[in-house]
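Everything quoted here is computed from the prediction, not taken from an experiment. Just the heavy atoms: all of them, side chains too, but no hydrogens, waters or symmetry mates, feed the values below. In this chain, numbering begins with 1 at the start of the sequence shown.
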Amino acid sequence: MIEEIVISDLGVIGETTLELGPGFTVVTGETGAGKTMIVTALGLLLGARADAGSVRRGAPSAVVEGRWHVPEHDAVAERVEDAGGTVEDGELILTRTVSAEGRSRATVGGRSAPVAVLGELADQLVTVHGQSDQIRLTSSSAQRAALDGFGGRAVQRALDAYVAAYDTWQAHTGELETLVRDRDDRVAEAERIRAASAEIEAADPQPGEDAELAERAERLGNLEDLRLSAGLAHEALSSESLDDSPDVVGLVESARRAIERVAGSDAALQPVLEQLTELGIQAAEASASLSSYLGSLEPDAGHDLELINERRALLAGLTRKYGDTVDDVIAYGQRASDRLLELDGDDDRIVALQQAVEHDEQALEQAATTLTAARAKAAADLAKRVTAELKTLAMAGATLVVEVTDGGEYRRHGRDQVAILLQPHSGTDPRPIGKGASGGELSRVMLAIEVVMAGSTTVPTFVFDEVDAGVGGAAAIEIGRRLAKLAERTQVIVVTHLAQVAAFANNHLNVVKDASGAVTSSSVRRLEGEERLQEMARLLSGLGDSASGMEHARELLDVAGQRA
């Protein structure tokens, strides 16, 4: 709901504030006072194209600020947050600035944003019906959505069942088309995987084998150095030569025996004796280990190294094709087996999917037929009720036609095409509502539709500009009555020149023109009591102080007060 609009230097309006609020707000004023600027200002807040010519003469820019009350967690608030703005305590502020050079700037929830964001919010905030405005139900999709909303639970249940059937059909159809389309590719893939599996299976790689072979190859490649160094070390520790060359084991043993002979004479030598004893044991163990190591060195290392290198080359070929390591190759082989099972089962899957699609099509046809029937019933009811409304709005010969036709293909919303048409007079062909009525008639047609669909609409605010064009008397009273009826559920703002319409408003705003300065200026004020009676009298007779006009105005207000 719009709570307030502040306008600065827009057209003939210098500086003014429109206090709106819930219910039915009417805007009146003398010709040329700037009533249309109210609609222009609202259009700017809703993303309409900026026009430098709308900036007040002599002003650097025009500024329009709107304050909305919106729920904090609905789609509008979420879009505002996506744009970087905020909705605080349910209040949303939109601002549009238009410079005298034609540059435009918008802010959404306190943050600068592209003007396109205002346009995205517009459909959820306000619907404007005017002689120069796009009507809300201009597209076939919007008309279908409106009819579905009007149809209520009956249409919604049928639509939900259809959508479920459609999604299942689409999923099976898509999978089947993919399998059939890619069959040759999948056969080729199966052959490649089968060959890869056979190659990996023949090689039979083992986990960690590549690292183990690399270690063995390194060892065998340096075998002579290993043998020589280990032999020298063994000889130094425990010599087996016959020339009585000293070795570590013998020297340590000689040292131990020397200390052992005198250790009893001095306790300080006991630790040294223990150390020498331990050193002798360690030297003997090291000598034994080297002897064992020398015995383990392969006598035919060259042949073994050749075999190892051949194995490593085989594994390297596998890792180039199937993974960085042998473990990756093994994992690839396991995945390949699973993929082969899937690919080899394609033929059976295709047959099963073909049967599923046939079943899905039968279910979809039945669901589509049910949905069409529900929509057709709702369409007949909508047309009947709107046509009855039109007869009270000075369009007695007009008939609304809501057509539900077969679009020829299944889509997620159904196979129906919905068209809302207007037959202006008996004997004429129904035409799209945007082409079958004049500007004033179009506003009345939309008023009739909105009144009938008020219970199903989600738009919180409606604006009607010149909805009463070309009518008067009793027809104008009926227009006012229906605007008030619509305002029971939504916020309604109407620009009018008829007292019969204004009488039904609970909030009356008057655009006042002041030509006392060098430039004509207009402002807006709220009318109550005697001031409202005078404005009603002016609308009726052209004279605000006419006694008969004042009396007539009171009668109109009494009629409006009894509308319930």
Side-chain angles (χ1 to χ4, degrees), residues 24 127-151 375-405 416-457 459 462-490 492 494-498 500-502 504 563:
F24 180 5
T127 292
V128 179
H129 295 305
Q131 298 190 46
S132 60
D133 296 294
Q134 287 281 339
I135 61 173
R136 177 165 73 99
L137 303 181
T138 184
S139 67
S140 176
S141 60
Q143 293 177 4
R144 182 187 63 251
L147 177 62
D148 288 350
F150 174 78
R375 281 175 170 160
K377 182 178 180 181
D381 187 26
L382 176 62
K384 178 180 178 181
R385 293 173 61 180
V386 173
T387 298
E389 289 288 331
L390 291 176
K391 296 186 185 306
T392 66
L393 299 176
M395 297 182 68
T399 300
L400 191 81
V401 178
V402 183
E403 292 184 346
V404 180
T405 57
D416 305 320
Q417 287 186 335
V418 176
I420 300 179
L421 311 172
L422 180 68
Q423 184 179 18
H425 308 287
S426 177
T428 60
D429 293 329
R431 302 184 64 193
I433 50 179
K435 299 178 180 179
S438 64
E441 289 175 333
L442 178 57
S443 290
R444 276 177 272 152
V445 171
M446 293 311 302
L447 171 60
I449 292 174
E450 302 295 10
V451 168
V452 171
M453 299 183 65
S456 60
T457 185
V459 180
F462 289 94
V463 178
F464 292 90
D465 184 17
E466 302 295 340
V467 67
D468 47 21
V471 299
I477 291 177
E478 290 303 322
I479 290 176
R481 196 187 307 277
R482 273 144 183 80
L483 288 166
K485 181 179 180 181
L486 180 60
E488 293 174 359
R489 293 179 177 270
T490 62
V492 176
V494 178
V495 177
T496 185
H497 63 278
L498 291 183
Q500 292 92 332
V501 173
F504 287 86
R563 67 178 185 269

Quiz item: With a 4.5 Å heavy-atom cut-off, do Thr127 and Glu450 have their side chains touching?
Solution: yes

Exercise. Without swapping roles, check the side chain of Gln423 against the backbone of Thr399 for a donor-acceptor pair under 3.5 Å.
Key: no

Practice problem: For Arg144, enumerate each residue passing the side-chain contact (heavy atoms from CB on, under 4.5 Å) test, keeping only those at least two apart in sequence or located in another chain. | Solution: Ser141, Asp148, Arg375, His413, Val418

Quiz item: Are side-chain heavy atoms of Phe504 and Leu483 found at a separation under 4.5 Å?
Solution: no

Quiz item: Got a second to check how far Met453's CE is from Met446's CE, nearest 0.5 Å?
Solution: 8.5 Å

Quiz item: Going from CD on Gln417 to CD on Glu403, what distance comes out if it is rounded to the nearest 0.5 angstrom?
Solution: 10.5 Å

Quiz prompt | Close side-chain approach of Phe24 and Val501, heavy atoms under 4.5 Å | solution = yes

Quiz item: How long is the span from the CD1 atom in Ile479 to the CG atom in Leu498, to the nearest 0.5 Å?
Solution: 7.5 Å

Quiz item: Which distance, rounded to the nearest 0.5 Å, do you find between the CZ of Phe464 and the CG of Leu486?
Solution: 5.5 Å

Quiz item: Which pair of non-hydrogen atoms, one from Gly151 and one from Ala378, has the smallest distance, and what is that distance?
Solution: CA-CB, 3.8 Å

Quiz prompt | Over all atoms of both residues, closest heavy-atom pair of Val452 and Phe150 | solution = CG1-CE1, 3.7 Å

Please set out all donor-acceptor pairs under 3.5 angstrom arising from side-chain atoms of residues 386-395, sequence neighbours excluded.
{"from": "Thr387", "atom 1": "OG1", "to": "Ala383", "atom 2": "O", "distance (Å)": "2.7"}
{"from": "Thr387", "atom 1": "OG1", "to": "Leu400", "atom 2": "N", "distance (Å)": "3.0"}
{"from": "Glu389", "atom 1": "OE1", "to": "Arg482", "atom 2": "NE", "distance (Å)": "2.2"}
{"from": "Lys391", "atom 1": "NZ", "to": "Ala396", "atom 2": "O", "distance (Å)": "3.2"}
{"from": "Thr392", "atom 1": "OG1", "to": "Glu389", "atom 2": "O", "distance (Å)": "2.7"}
{"from": "Thr392", "atom 1": "OG1", "to": "Arg482", "atom 2": "NE", "distance (Å)": "3.1"}
{"from": "Thr392", "atom 1": "OG1", "to": "Arg482", "atom 2": "NH2", "distance (Å)": "3.4"}

Exercise. List the atom of Leu422, the atom of Pro424, and the distance in Å for their closest heavy-atom pair.
Key: O-CD, 3.3 Å

Exercise. For the pair Thr490 (side chain) and Ala487 (backbone), establish whether a donor and an acceptor sit closer than 3.5 Å, ignoring hydrogens and angles.
Key: no

Practice problem: State whether Lys485 and Glu488 are salt-bridged, where the test is any N-O pair (Lys NZ or Arg NE/NH1/NH2 against Asp/Glu carboxylate O) under 4.0 Å. | Solution: no

